[in-house]
Amino acid sequence: MTDNRRIFSLNAIPDKPGCVIYWMQRDQRVMDNWALLYAQERALASHQPLAVVFCLVPDFLGATSRHYGFLVRGLEGVAEKLAKFNIPFFLLQGYPQDVLPRFILENEAGLLVTDFNPLRIPMDWRKKIADQVTVPFHEVDAHNIIPSRFISNKDEYAAYTLRKKVDQLLPEFLVEFPALLNHPCLPGGRAVPEIDWTGIRLSAKVDQDVPEVDWVLPGESHASAALGNFIGQRLNAYNSERNIPYSKGQSDLSPYLHFGQLSAQRVALEVMKSTGDPTSKTAFLEELVVRRELADNFCLHNAQYDDFNGFQPWAKKTLNKHRDDEREFLYTVGQFEGSFTHDDLWNAAQKEMVATGKMHGFMRMYWAKKILEWTRSPEEAVAIAVYLNDKYELDGRDPNGYAGIAWAIGGTHDRPWSERKIFGMIRYMNYAGCKRKFNANKYIMGIPQSQIVNPKS
DNA sequence: ATCGGCTCGCGCAA
DNA sequence: TGCGCGAAGCCGAT
């Protein structure tokens, strides 16, 4: 049974007979998916068919072919896998509010289920759908181990305030998943369509200037293999290697977690089961659980999560005080995008992101803090960091990215430090500090070359 | 090499 | 009301 603390009603319509539809959004996988499990549970209880639907929006929130390719190839695997469970998959093209209500009517649905996403646009879609449909509409948090709406009803001040709640609740929520069952009946109203996957990829009206990458292969079977590889090969050294940007010490699972092709709960279960250095396991689980779920909490409760106005009062005050400080270097967004700063370490991090779709976690902090230092205002810095992150990172448009940028530029979830130019009391980082931690030149020399097509001017 | 101070707000203990 | 504490910081003193 799905824990009812995972479920949130998006409208007050009472139960109705009819098939169950899972509108898949953020959690694009068949296994280990609480939203799908709940939808099947409800369908079986009322002897009804179950269908999964995904709405592919025409411009996908400014995503590029890099993201679109990863998404669509992953969905192709979802459709194949669902078919083995006798669950049909429908791909609707258009905005949810334009295509989903009609689909629900045509299939004479009795219940609509979706997954959880705290970001502005998906939240707005949910609201529009809730206003239009005449069936009960339930959201299931399939992304967080401890459901975001349940663990806290406010914008947590720092990691330690959420960590306490995580430590307390984790044993209740970090449980094995029940098996998805072969579904006994198919919806009668509508034939399961053949989907022209290649045609969909080629016809997408997305930015074609950022190519797909080949170091990380999309889909939940590749995600599962990547998890096994990390636990078997690299988890043991995670604590000592994770902040060395050329050492492959990180899990590299974030693209899978972002697209929901891998469940964080599955990752946590497998890491807990593994034998290995306990310090590494603890350090990894801190990032996977506390940091990741803190980012969802931040976006859920702070509507201005990608904006200067969303910073803490002390941070806004100190940044305001230093608005007119002299900047030694000023760059345009195009100069940042093309890696044309005076700082070879910064340029290397930017090139890594452009070429691979994943900048090393430690470098993301340095990268964002330098954008603050080299632009005219914190507003401009946030806008540039968000633009570049969302365009090039495979895990762009994710709460983790917004929380990370707010941490680096706006001191969110961090503490004040001693006052200095431009930064005020926001934690400072510099080149010398990086050199103390790792061989900066080795990182710079190891970055693949990349080409920017049509940078912003 | 290691340690404390930097500075603010929280949440808990007293 | 006091006190401990906080993602990766830096800097200066020992």
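Residue numbering restarts at 1 for every chain, and letters A, B, ... go by the order of the sequence lines.
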Between [Y] and [X], is there a salt bridge with N-O shorter than 4.0 Å?
{"X": "A/R149", "Y": "A/E139", "result": "yes"}
{"X": "A/D124", "Y": "A/K128", "result": "yes"}
{"X": "A/K273", "Y": "A/E176", "result": "yes"}

Next item on the list: Have a look at A/A159 and say if it touches a base, only the backbone sugar-phosphate, or nothing, with a 4.0 Å heavy-atom cut-off.
Entry: sugar-phosphate
Note to self: For a quick check of understanding: with a heavy-atom distance under 4.0 Å over all strands, which category does A/R291 fall into, base, sugar-phosphate or nothing?
What the structure shows: base
Over all atoms of both residues, closest heavy-atom pair of [X] and [Y]:
{"X": "A/N144", "Y": "A/R6", "value": "O-NH1, 3.0 Å"}
{"X": "A/W215", "Y": "A/P255", "value": "CH2-CG, 4.4 Å"}
{"X": "A/I145", "Y": "A/A268", "value": "CD1-CB, 3.7 Å"}

From [atom1] of [X] over to [atom2] of [N], roughly how many Å is that when rounded to an integer?
{"X": "A/W367", "N": "C/dA7", "atom1": "CH2", "atom2": "P", "answer": "22 Å"}
{"X": "A/D167", "N": "C/dC5", "atom1": "CG", "atom2": "C1'", "answer": "15 Å"}
{"X": "A/I426", "N": "B/dC6", "atom1": "CD1", "atom2": "P", "answer": "19 Å"}
{"X": "A/Q168", "N": "B/dC12", "atom1": "CD", "atom2": "C1'", "answer": "14 Å"}
{"X": "A/W407", "N": "C/dA7", "atom1": "CH2", "atom2": "P", "answer": "10 Å"}
{"X": "A/M365", "N": "C/dC10", "atom1": "CE", "atom2": "P", "answer": "10 Å"}
{"X": "A/E373", "N": "C/dC10", "atom1": "CD", "atom2": "P", "answer": "12 Å"}
{"X": "A/F298", "N": "C/dG6", "atom1": "CZ", "atom2": "C1'", "answer": "17 Å"}

Taking the same atom, [atom1], in [N] and in [M], what whole-Å distance lies between them?
{"N": "C/dC10", "M": "B/dG9", "atom1": "C1'", "value": "22 Å"}
{"N": "C/dT1", "M": "B/dT7", "atom1": "P", "value": "24 Å"}
{"N": "C/dA7", "M": "B/dT2", "atom1": "P", "value": "22 Å"}

Note to self: Is A/N430 close enough to C/dG9 that one of its side-chain N or O atoms is under 4.0 Å from OP1 or OP2 there?
What the structure shows: no
Notebook entry, point to check: When you check the phosphate oxygens OP1 and OP2 of C/dG9, does a side-chain N or O of A/R436 lie under 4.0 Å from one of them?
Noted result: no
Check: Any donor-acceptor pair under 3.5 Å linking the side chain of A/S9 with the backbone of A/A12?
Finding: no
Notebook entry, point to check: Does any nucleotide pair with B/dG9 by Watson-Crick or G-U wobble geometry, both distances under 3.5 Å, and what is it?
Noted result: C/dC5
Note to self: Tell me which nucleotide, if any, is Watson-Crick or G-U wobble paired with B/dA1 when both distances must be under 3.5 Å.
What the structure shows: C/dT14
Nucleotides 8-11 of chain B: which of its N/O atoms have a protein N/O under 3.5 Å away?
unit_1, atom_1, unit_2, atom_2, d
B/dG9, O4', A/Y157, OH, 3.1
B/dG9, N2, A/Y160, OH, 2.7
B/dC10, O2, A/Y160, OH, 3.2
B/dG11, OP2, A/K154, NZ, 2.4

